[in-house]
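Below is one structure, written out as structure tokens; comments come after it.
Hydrogens, waters and symmetry mates are skipped; everything else that's a heavy atom, side chains included, is used. Quick caveat: nothing in here was measured; it's all calculated off a predicted structure.
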Amino acid sequence: QVQLVESGGGLVQAGGSLRLSCAASGRTFSSYAMGWFRQAPGKEREFVAAISKSGGSTTYADSVKGRFTISRDNAKKTVYLQMNSLKPEDTAVYYCARTPVAYTDYLPSPTDFGSWGQGTQVTVSS
């Protein structure tokens, strides 16, 4: 069973940057595609970004494209979300997630994810 633990959230001014990390336990991290989601108060959880199991393919929500970058280090069993040019509307709890075992190096859709971390709070002040 792979467990996911997010870190790196905090309070930042608009225009600033943060880097989120998600560390995975277990030996099969490189078998999973990974993603980031977020949930703002009073809103449904929304997709942010995804990365294939090799890291060779990525995709982003339109709202973060050009500002956020997802990456992974399979040797360290960690996935990252670099967030630049942050806006107050980026304020949310950010969750990392994984797909079931991926038998190909595919890029998952938002509905493919089934396991989640506990989340880390990101607050962007104006």
If you draw the axis of the six-membered ring of Tyr94, does the NZ or CZ of Arg38 fall within 45° of it and under 6.0 Å from the ring centre? no
I need the Thr59 OG1 to Phe47 CZ distance, nearest 0.5 Å. 5.0 Å
Using modelled atom types only, decide if a donor and an acceptor are shared between the side chain of Arg67 and the backbone of Ser85 within a distance under 3.5 Å. yes
Do Asp73 and Thr78 have side-chain atoms, one donor and one acceptor, less than 3.5 Å apart? no
Side chain proximity check, Gln118 to Val5, heavy atoms < 4.5 angstrom: yes
Is Leu86 reachable from Trp36 through a run of I, L, V, M, F, W or Y residues, each pair having side-chain heavy atoms under 4.5 Å apart? yes
Expected output: side-chain Lys77 to main-chain Gly26 donor-acceptor under 3.5 Å: yes
Heavy-atom pair with the smallest gap, counting every atom of Leu107 and Ser52: CD1-N, 3.9 Å
Check each of Ser21, Cys22, Ser71 against Val79 using the side-chain contact (heavy atoms from CB on, under 4.5 Å) test, and report the only one that passes. Cys22
With rounding to the nearest 0.5 angstrom, report the CG to OG distance, Leu4 to Ser115. 7.0 Å
Thr91 to Ala40 - nearest heavy-atom pair and separation: O-CB, 3.6 Å
What's the shortest heavy-atom distance between Tyr60 and Ile70, and which atoms? OH-N, 2.9 Å
Determine, stepwise, if the pair Met83 / Asp90 fulfils side chain to side chain contact (heavy atoms under 4.5 Å, CB included). CA-CA 9 Å; Met83 305 186 295; Asp90 294 318; over 6 Å; no
Cluster overlap Val48 with Tyr95, hydrophobic side-chain contacts below 4.5 Å: no
Rounded distance (nearest 0.5 Å) linking atom CD of Gln13 with atom OG of Ser126: 9.5 Å
In sequence, state the C-alpha distance, the side-chain angles, and the governing distance for Trp116 and Glu6, and then conclude on side chain to side chain contact (heavy atoms under 4.5 Å, CB included). CA-CA 10 Å; Trp116 308 85; Glu6 303 93 335; 6.0 Å; no
Check for me whether the distance between the ring centres of Phe113 and Phe37 falls short of 6.0 Å. yes
Of all the heavy-atom pairs spanning Tyr32 and Thr99, show the shortest one and how long it is. CD2-O, 3.0 Å
Run the ring pair (Phe, Tyr, Trp, His ring centres under 6.0 Å) test against Tyr80 and tell me which residues pass, sequence neighbours left out. none
On a heavy-atom basis, which atom in Asn74 and which in Lys53 lie closest, and how many Å separate them? ND2-O, 3.0 Å
What's the shortest heavy-atom distance between Gly9 and Leu20, and which atoms? N-CD2, 3.6 Å
Can you tell me how far apart OG1 (Thr120) and CG (Leu81) are? Round to the nearest 0.5 Å. 11.0 Å
So that I can tick it off, tell me whether Asp62 and Lys65 are bridged by a salt bridge, with the cut-off set at under 4.0 angstrom between side-chain N and carboxylate O. yes
Quick one: is the NZ or CZ of Arg98 closer than 6.0 Å to the six-membered ring centre of Phe29, and within 45° of its axis? no
To the nearest 0.5 Å, how far apart are CZ in Arg72 and OG in Ser54? 7.5 Å
Is there a path of hydrophobic side-chain contacts, each under 4.5 Å between heavy atoms, that joins Met34 and Val101? yes
Under the rule for side-chain contact (heavy atoms from CB on, under 4.5 Å), what residues qualify as partners of Gln82, not counting sequence neighbours? Ser17, Arg19, Thr69, Asn84
